[in-house]
Amino acid sequence: MKAIGYKQSLPITHPESLIDVTLTQPIATGRDLLIKVSAIAVNPADYKVRLTMPPANGDVKVIGWDAVGEVIATGDKVSQFKPGDHVYYAGDITRSGSNAEFQLVDERLVGFKPKSLSNAEAAALPLTAITAWELLFEHLGIKQQSPGTATQSNEVILVVGAAGGVGSIFVQLAKTITGATVIGTASRESSSEWVKKLGADYVVDHTQPLTAQIEALNIGPVTHVASLNSTDTYFESYTEVLAPFGKIAMIDDPAALDVTKLKLKSLSLHWEFMFARSMFNAVDMQAQSDLLNRVADLVDQGYLKTTLGQHMGEINAANLRAAHSELEAGRAIGKIVLEGF
C-alpha cells in the first residue's frame, strides 16, 4: 500500500522530512477495523510527533490522526461495523497513522461518517470534535441542552485561539447544545470573521490585553476558559477575568505555570489529551465512538458545519510537507485536508 512517513525527525523544509513509501497492507484482528482511507486532515499533533518522535532502527513511521474511509474488513470481535460502512475517526497515537491507503483502528474509536458531508469535509472533524467535546463537557463541566432550543445560562466561556481547528468546532458545540455566552479570540480580520460566522457572541483580540477588552463587554465575569494555545502567555489574564470557582481547560504544553495564582479564587485547571483513552485502553473507550456519532447527527441535522479551511490536494509527501509547513507557521484557519492517493 502507498503511505507517507519519515525515518528521522527533520525540519519540514528538508525533502526527507516526509517521504512516499510502499508498505505491507495490514490485517484486521480482534476489535480492529481495516479501513481504506479516502481523506485525511492534518493537526499540530502531526508535526509535533514528527519533530520529537523519530522511529527506531531506520524504520518508517507513519503518522496522521484524522481520517475518513470505508471499512473493508473487520476483526473477529467487531460488533458495531461491517464492510462497506463509511466512517470517520482520529485513531490512536501509539499506532500507525492515517497517512496511508489502509489503516487499522479499534472500533471503539470510530464513528459513522456524517452523511451530509463529503469525505474531505468530514475528515476535518474527528480529532478536533473529540477534543472540543471532552474539553466542553468532561473538563469544563458545561451542561448539554437540546440543540437549537438552548436556554441562556449564566456561563461565559472564553475560547482562546477560536479560529483554529479545535476552536472552530468548540465554538459551534458551545452555541448549539449549551446556553453559554461565548467569547472567542482572534487577531486577524479573516480569523475574526471566521469565528463570528461560527457563532461566537463576541470576538476579542488576543494580541491585546484581554482583561480590559472583556471588561468592556459588560457581560459579567468569565466562568470558564478553553485555552487552546499559548496558555503560559495568557494564564495571569485568566486568573484576572475568571469568577471564583471558575475553570480553565487547556490542550497545549506550557513550559511552566504558577498554579499558586489559582488559589485565591479557588480556580481549577484541567488538561485535555484526546488520546488518553486509547493510549491506556480505558474502560470507557467507547465514549469516543459515541460522541463521534452524536457529532455526525448534529452535522446531518444542520446544527454543525465542517471546519475545513483549506484543501491541499492528493495525499502524498509533497502536499503533506506543505500542510505541515502551513501549520508550523501558524497560518491555518480551520482545518487543512488532503484527499485520495
Side-chain angles (χ1 to χ4, degrees), residues 38-43 65-69 86-90 109-140 142-153 155 157 159 161-184 186 191-203 224 226 228 249 251 272 274 287-311 332-337 339:
S38 302
I40 63 170
V42 186
N43 296 281
W65 296 285
D66 254 338
V68 167
H86 293 270
V87 296
Y88 76 146
Y89 56 91
L109 304 174
V110 176
F112 289 101
K113 168 189 167 292
K115 297 180 178 64
S116 59
L117 298 183
S118 68
N119 289 333
E121 290 169 334
L125 292 174
L127 184 146
T128 52
I130 295 169
T131 301
W133 189 283
E134 292 180 353
L135 274 169
L136 190 58
F137 301 118
E138 297 188 31
H139 294 296
L140 293 179
I142 304 293
K143 293 182 179 179
Q144 293 186 44
Q145 298 190 34
S146 298
T149 61
T151 302
Q152 187 72 36
S153 70
E155 295 160 325
I157 308 174
V159 187
V166 174
S168 293
I169 190 66
F170 185 100
V171 170
Q172 292 186 74
L173 285 171
K175 292 308 300 178
T176 299
I177 51 176
T178 86
T181 298
V182 177
I183 307 169
S191 54
S192 179
E193 286 303 315
W194 172 264
V195 174
K196 289 175 184 175
K197 287 180 180 178
L198 294 173
D201 298 291
Y202 305 94
V203 180
H224 301 77
L228 309 182
I251 63 172
E272 158 63 11
M274 65 134 288
Q288 292 199 345
S289 176
D290 294 341
L291 77 83
L292 284 173
N293 286 330
R294 177 74 170 124
V295 168
D297 288 342
L298 290 169
V299 170
D300 289 338
Q301 292 170 32
Y303 292 114
L304 302 178
K305 61 183 178 181
T306 181
T307 55
L308 191 159
Q310 186 176 5
H311 193 307
I333 297 175
K335 294 293 292 290
I336 296 173
V337 172
E339 183 175 14

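Quick note: residue numbers are just sequence positions, from 1. Values reported hereafter were calculated over all heavy atoms of this structure, with side chains retained and with hydrogens, waters and symmetry mates removed. Owing to the predicted nature of the structure, the values given are computational and were not obtained by experimental measurement.
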Any side-chain heavy-atom pair of [X] and [Y] under 4.5 Å:
{"X": "Leu298", "Y": "Gln172", "answer": "no"}
{"X": "Val195", "Y": "Val159", "answer": "no"}
{"X": "Phe137", "Y": "Thr178", "answer": "yes"}
{"X": "Leu304", "Y": "Leu125", "answer": "no"}
{"X": "Gln288", "Y": "Glu134", "answer": "yes"}
{"X": "His224", "Y": "Leu136", "answer": "no"}
{"X": "Gln310", "Y": "Ile333", "answer": "no"}
{"X": "Trp133", "Y": "Ile177", "answer": "yes"}

Atom of [X], atom of [Y] and distance for their closest heavy-atom approach:
{"X": "Val299", "Y": "Pro114", "answer": "CG1-CB, 3.9 Å"}
{"X": "Val171", "Y": "Gly199", "answer": "CG1-C, 4.1 Å"}
{"X": "Ala124", "Y": "Thr128", "answer": "O-OG1, 3.4 Å"}
{"X": "Gly334", "Y": "Ser168", "answer": "CA-OG, 4.1 Å"}

Of Leu117, Asn119, Val68, Val110, the residue whose pairing with Tyr88 passes side-chain contact (heavy atoms from CB on, under 4.5 Å):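 Testing Tyr88 for a side-chain contact (heavy atoms from CB on, under 4.5 Å) against Leu117, Asn119, Val68, Val110 leaves exactly one candidate, Val68.
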
Not counting sequence neighbours, list each pair that qualifies as a side-chain hydrogen bond (donor to acceptor under 3.5 Å, both in side chains) and has a residue in residues 296-309.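 Found Ser116-Asp300.
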
Taking salt bridge (charged side-chain N to carboxylate O under 4.0 Å, His left out) as the test, write out the residues that go with Glu121, two or more places apart.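 With sequence neighbours excluded, Glu121 shows a salt bridge (charged side-chain N to carboxylate O under 4.0 Å, His left out) to no residue whatsoever.
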
Distance only, no hydrogens: is a donor on one side chain within 3.5 Å (strictly under) of an acceptor on the other, for Glu339 and His311?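 Side chains of Glu339 and His311: pair found under 3.5 Å.
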
